[in-house]
Protein chains: 2
Amino acid sequence: MTTDTLSLTLSALADPTRRAMLVRLREGQATVGQLAEPFDLSMPAISKHLKVLERAGLIERSVKAQTRPCTLRPEPLREAADWIDRYRDLWEGRLDRLDAYLQEIQAEPANETQSRTPKGDSE
Amino acid sequence: MTTDTLSLTLSALADPTRRAMLVRLREGQATVGQLAEPFDLSMPAISKHLKVLERAGLIERSVKAQTRPCTLRPEPLREAADWIDRYRDLWEGRLDRLDAYLQEIQAEPANETQSRTPKGDSE
DNA sequence: TCATTGTTTTACCAAATAGCAAAATAACCT
DNA sequence: AGGTTATTTTGCTATTTGGTAAAACAATGA
């Protein structure tokens with residue numbers, strides 16, 4: 001189901017181990033062993049995490065003697081950032097007057113949790 | 001395991017249905033029914049997606065007559081954007097000379113796919 | 001050729017996720 | 001009270017995910 005690139009990227013990022021690996025890769029290439037070192041996980045588990053990152057296009061693996069150095073590929077991160085950035089004005093509180101007004105009327109004249117003004121109020 | 005906020009946020013975002021809901025909510029509050037309308041999903045499924053968004057703090061639900069209007073909460077998005085933004089210089093190609101050089105030497109004097117320079121090369 | 005190092009693959013398991021249909025709730029409107 | 005509308009909860013599947021241990025592979029070095 002979750003075949004689209006953006007979902008793939010975001011779910012790859014939704015794990016602390018994998019994010020830590022990407023942080024490490026900011027410094028440059030690293031082998032699987034180097035990436036595994038900080039974690040108390042079996043190599044197969046590490047290998048699986050790397051496969052998730054690879055499937056999302058977030059890393060690239062080469063072959064060098066017996067090692068498989070991993071390199072960061074930032075493109076999917078840009079895509080993710082682009083999506084989130086469309087909300088930037090919201091969290092920066094930069095709604096202009098119109099937007100704020102639209103939010104208001106969308107919410108209807110208040111009365112949270114209780115009855116709205118009755119329209120068919122016969123008496 | 002995945003208890004940290006950022007992981008929660010990213011995995012909530014890693015689904016096209018939930019992202020579409022957030023896009024809709026950019027326009028303002030919407031009831032569960034309104035949010036469900038574009039999708040060919042049962043109400044329970046919709047309800048679950050909303051619960052995921054709520055648990056991640058991405059939406060807030062109020063009660064208004066029989067409806068439960070949802071509102072966007074952008075804070076978790078900011079946190080996610082902050083994490084990703086640390087890689088912005090990478091995808092914008094703004095590695096300065098030093099960083100590029102560090103990447104180079106980290107990768108060792110080339111020789112991909114074949115043997116490295118032997119250190120114990122006796123002759 | 002054989003041992004070593006680095007990494008992946010192969011079962012296998014437990015827990016989480018995503019979906020459904022049907023029943024249960026909740027608040028409103030007679 | 002009874003009916004309607006909006007939404008959630010309750011079982012119940014099927015699939016995915018994250019982990020393990022043990023075996024398999026691949027390249028190097030002796």
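In the text below, chain A, chain B and the rest are named by the order of the sequence lines, each starting its count at 1.
- For the pair Leu53(A) CG and dT7(C) P, the interatomic distance rounds to 15 Å; values are reported in whole Å.
- Criterion: ILVMFWY side-chain heavy atoms under 4.5 Å apart, direct or through other members. Under it, Val52(B) and Leu25(B) are not part of a common hydrophobic cluster.
- Taking only side-chain atoms of Pro44(A), from C-beta outward, the nucleotide of dT8(D), dG6(C), dT20(D) with the closest atom is dT20(D).
- Taking each heavy atom of Gln29(A) and Pro69(A) in turn, the nearest pair found is OE1-CB, 3.7 Å.
- Computed from coordinates, the Gln66(A) CD to dT28(D) C1' distance equals 5 Å when rounded to whole Å.
- Side-chain contact check for Arg73(B) versus Glu54(B): every heavy-atom pair is 4.5 Å or farther apart.
- When the side-chain nitrogen and oxygen atoms of His49(A) are compared with OP1 and OP2 of dG19(D), one or more of them lie within a distance under 4.0 Å.
- Along DNA chain D, the nucleotide nearest Arg18(A) and the nucleotide nearest Arg68(A) are compared for position; the residue whose nucleotide lies closer to the 5' end is Arg18(A).
- Taking atom CD of residue Glu37(B) and atom C1' of nucleotide dA6(D), one finds them 15 Å apart after rounding to whole Å.
- In the set dA27(C), dT7(C), dG19(D), dT7(C) carries the atom at the smallest distance from any side-chain atom of Met43(A).
- Regarding Asp15(A), its CG atom lies at a distance of 15 Å from the C1' atom of dT17(C), rounded to whole Å.
- Computed from coordinates, the Lys64(B) NZ to dT7(D) C1' distance equals 16 Å when rounded to whole Å.
- Residue Ser47(A) has no polar side-chain atom (N or O) positioned under 4.0 Å from OP1 or OP2 of dT9(C).
- Using a 4.0 Å heavy-atom criterion, one finds that Ala45(B) contacts the sugar-phosphate atoms exclusively.
- Look at CG on Leu50(B): it is 16 Å from C1' on dT17(C), rounded to the nearest Å.
- No more than 12 heavy atoms of other residues, nucleotides or ligands shown are found within 6.0 angstrom of CD on Glu37(B).
- Comparing dA6(D), dG19(D), dC20(C) by their nearest atom to the side chain of Lys48(B) picks out dC20(C).
- With contacts defined as side-chain heavy-atom distances shorter than 4.5 Å, the pair Thr31(B)/Lys64(B) does not qualify.
- Heavy atoms of Ser42(A) sit under 4.0 angstrom from at least one base atom.
- Nearest nucleotide to the side chain of Leu41(A), out of dT7(C), dG19(C), dT20(D): dT20(D).
- Taking side-chain N and O atoms only, Arg61(A) has a distance below 4.0 Å to OP1 or OP2 of dT8(C).
- What separates CG of Leu35(B) from C1' of dA6(D) is a distance of 13 Å, to the nearest Å.
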